[in-house]
Amino acid sequence: MQSLWNEVEAAKHTGLLEERVYSSRLLGAESALVLHGGGNTSVKGEAVNIFGESVATLFVKGSGSDLATILQKDFAPVRLDALLKLSRLEKLSDVDMARELKLATLDPAAPAPSVEAILHALIPHRFVDHTHADAIVAITNTVDGEARIRALYGAKVIILPFVMPGFDLARVCAEVYAAEAHSGTIGMVLMNHGIFSFGDTAKQSYERMIELVGRAEEYLQREAPLESPVEPVQTADWQALPELRRQVSAAAGFPLLLHCCPDTLAFARHPEISAISQRGPATPDHIIRTKRLPLLGRDVAVYVNDYKKYFEENSVSAKVPLTMLDPAPRVIIDAEFGLLTVGRSARDAQIVEDIYRHTQQIILRAEALGGYCALGAAELFSMEYWDLEQAKLKKSGAPKVHAGEIALVTGAASGIGKACVQAFLDRGAAVVGVDINPAVAGMHTGRADYLGITADLAEPLAVAGVLEKTIGHYGGLDMLILNAGIFPGGKKINALTDSEWRRVMSINLDANLAILREAYALLKLSPRYGRVVVIGSKNVAAPGPGAASYSASKAALTQLARVAALEWGSDSIRINLVHPNAVFDTGIWTEEVLLQRAQHYGMSVQAYKTNNLLKVEVSSRDVAELTAEMCGPLFEKITGAQIPIDGGNERVI
Ligand code: ZN
C-alpha cells in the first residue's frame, strides 16, 4: 500500500480541519481501506462559541458522508469535555448515546456524530484515523488472528477484542488503552472490525495507517498468496433470473433489482463455498448493509448458495407484508450465475456488489491463511437489537414509484425516447435505453441505473441480445416503451417504392412484433405485472397525404398492441397507447424545417407549433411524462387504451 501524501497538495490545505479533510480524502481514495462510507476520522482542536470563549472540540466525521468526498461541513464539532464525561458512565444505551452526542455538538445544523465519536475522544492524539482495511479484516477473521496480529506488530499496536461499535466498544477501548498504551503506540487493531492509527499531525496519523496496513498486506502476500482464479465459462439459462428476481421481490414485498456478476463464477464454484460463505459477514459495517431475515431469526447478510432450496425451506410466499426490514436476501451466490446482488436501486445493488467483492477477497485470503472465521452467532444476534441501526432504517424516506423496477425504452437517443429515459429515471426505475445511434451508450455516464445499448432492433438477433443484457444487468423487465420508429419524407402512393414501404414496416412494425414476442416471458414475471406503452401517432386516427407507409405502419402497430392487450390481460400485463402529434423538439425538426413547413401553410412558426384546439405546444417531455404515468398506479386498471396527446385535434376528436 502506497502513501498518497503529496506535499504540494497538502500545503494548499491550511488549518487543522482542512488538513483533516485532505488526509481523510486520501484514505477514502483507497478501496482496500475504505468502502462506501466505511471508516471515520477526527481531529481535536478549538472552536469559539457565541461568547467568544474557546471550547476544546472534537471534529469527528458525521454520519451520511463518505471519506472520499468529505468536506469541512461533514465533520460534527462535539465538546470534548462532554465526550470524556460520557465515557465515564457505567452504561449508556445506543439511543441515549445518539441523543447525548447530538446534544454535545456545537452546531445544531451539524450531521450526527459517528457512533465511534467517544472512542475518538478517548485517544489523546490530535489526529485519529479509522478504517476497515481488507488486509486487517482478513487476518483478524481467522482462528489465530490475534496471535498473528501480535506477531506482526509487536508492542506498537493495541489489540481490542470484537465489541459492537458504540458505547461498549468505547468503554473497552478506554480500559485497554489506559492499561497498555505507551509512547511507542501508533495504532489499535479491533478484532473482526478494523484498525485505528493516530498521531500529532495529519500526515503522521495517515502514514501510520498506510504503514500498518501495508505490513498486513505484505504479510498476506507472504503467508497466504492467492493465484488469480481461472474463471469458468458461464452455462446459465438467462430466463431463470427473472423468475429468481420475482421470488426475491415477493419475499421483500416490493420489486427489487438483481444484478449478475458473471466474473465471480470461480468463487461461486469454490469447493468449500457452502461452508465459507455461511460463516458470517466480514465486518460489522457490512452487516449494517443487510436487512433482517425474520425467517432465519436474525440480521445477516444472506449468502445463499442454493436459492431454490432457500425459498423452499423458508416457504416464502408473495404475501409477506411490506416492512422496512424485509426478508429478501441481498447477496446470492449461485454456481450457475456467480455473485448476484440485490437492491431497491441500481446504486444499492452496486454497493452490495462492491462490498461483497471485497468480502470475497477477504474470505479467500483468510481461507489461505488457515481458515475464515467471522463473528460468532452471539455477536450477530446482538446486532438485531442495535437501536441505532433500527433508527436509521426508520428514517429513510419513502421510495419512488418505480424503485426496484426496470424500464426498456427503444429509440432512446433522442426526442420522445430520450425524454422517456429521463421520466423513468426520475421515478426511480433502472432504465435500459436502446437505439441504433451509438450516442445512446454515452448518456447518463456514471449512473448505475442506466444502461445504454447500441442495437438495430430490426436485425433478427438483436432483440434477444438486448433482453439478455437487460436481464444480466437488472434481473428482468417490468416496463417496455416501444418508441423507435422512422418517418420518411412525404411521398405519394404512386411514387412509393416497395423497398421504402418494406423498410418502414420492418422498423415501425416488424421490430416491435419481435420485441413484444421475446419480452412476453419477462413481462409475465414482473413483480408488479408487466406494462407496455406504445408510442403511436395522430396519423392512426387522422392520416395525412404523402405518409402512406408511416400511417399504415402505425395503424398496424396500434392493432398489434390491441390484440396483445386482449391476449395478455389474463397475465395482468397492461398495454396502452399514446398518439402524439406535432412534437417539434426532436432531432428531425430543425429551425429550418420548421420555418419551411410553417411557410408552406402560410403560418408563423409559433402558430404552426400550436396549431391545435388548445393552442398549446406539445413537447417530448409532455409525452414522456404521460408515458411514465401510464406505467404507474393511476393506470393500474386500464389496458388497451389509446390517448391522444396533441393539444386537441378536430379530426381525431
Ligand atoms: Zn469501524
Side-chain angles (χ1 to χ4, degrees), residues 20 23-24 27-28 30-43 58 60-68 70 74-76 78 83 87 94 97-98 101 111-123 125 127-141 145 149 157-174 176-177 187-198 205-206 208-209 212-213 216 280-290 299 301 351 354-355 358-359 362 374-375 379-380 382-383 386-389 392:
R20 180 66 285 176
S23 70
S24 299
L27 294 176
E30 178 60 74
S31 72
L33 285 176
V34 166
L35 204 55
H36 294 303
N40 44 58
T41 58
S42 70
V43 60
L58 176 82
V60 64
K61 187 196 150 196
S63 61
S65 57
D66 203 317
L67 286 181
I70 202 159
D74 299 323
F75 285 91
V78 197
L83 289 169
S87 79
D94 289 329
M97 183 180 77
L101 290 181
S114 157
V115 293
E116 281 156 351
I118 299 176
L119 208 160
H120 279 260
L122 282 166
I123 298 169
H125 295 261
F127 285 86
V128 177
D129 294 25
H130 170 46
T131 71
H132 304 147
D134 289 355
I136 300 291
V137 174
I139 297 173
T140 60
N141 275 308
I149 293 290
V157 159
I158 295 170
I159 303 175
L160 257 57
F162 176 76
V163 179
M164 281 294 297
F167 185 69
D168 293 344
L169 176 60
R171 272 196 58 103
V172 171
C173 171
V176 179
Y177 193 91
M188 186 164 70
V189 168
L190 284 66
M191 295 301 295
N192 312 91
H193 178 160
I195 182 166
F196 278 82
S197 65
F198 21 80
S205 184
Y206 168 74
R208 282 175 172 173
M209 176 65 73
L212 292 171
V213 176
T283 81
D285 257 20
H286 294 178
I287 294 173
I288 296 168
R289 306 280 180 193
T290 69
D299 274 1
I351 289 172
D354 290 348
I355 289 172
H358 279 259
T359 303
I362 289 166
L375 308 173
E379 283 87 348
L380 281 173
S382 69
M383 301 223 170
W386 196 8
D387 304 312
L388 287 185
E389 183 52 22
K392 219 189 291 173

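When a ligand or atom number is given, it counts from 1 through the structure's own listing order. Values reported hereafter were calculated over all heavy atoms of this structure, with side chains retained and with hydrogens, waters and symmetry mates removed.
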(request) Could you tell me whether the side chain of Ser197 and the main chain of Ser205 form a donor-acceptor pair under 3.5 Å? (result) yes
(message) Given the Zn ion (ligand 1) as the apex, I'd like the angle to NE2 of His132 and NE2 of His130, rounded to 10 degrees.
(response) 100°
(request) Measure from the Zn ion (ligand 1) to every N/O/S atom of His193 and report the name of the nearest one. (result)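 This turns out to be NE2.
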(request) Could you tell me which N, O or S atom of Glu116 is nearest to the Zn ion (ligand 1)? (result) OE2
(message) Check this for me, if you would: do Lys61 and Asp66 make a salt bridge, where the nitrogen-to-carboxylate-oxygen distance has to be below 4.0 angstrom?
(response) no
(request) Please report the closest heavy-atom contact between Thr41 and Asp129, naming both atoms and the distance. (result)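 Answer, listing the atom of Thr41 first, then Asp129: CG2-CA, 4.2 Å.
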(request) Anything under 30° is parallel, anything over 60° is perpendicular, the rest tilted; go ahead and classify His120 against His130. (result) perpendicular
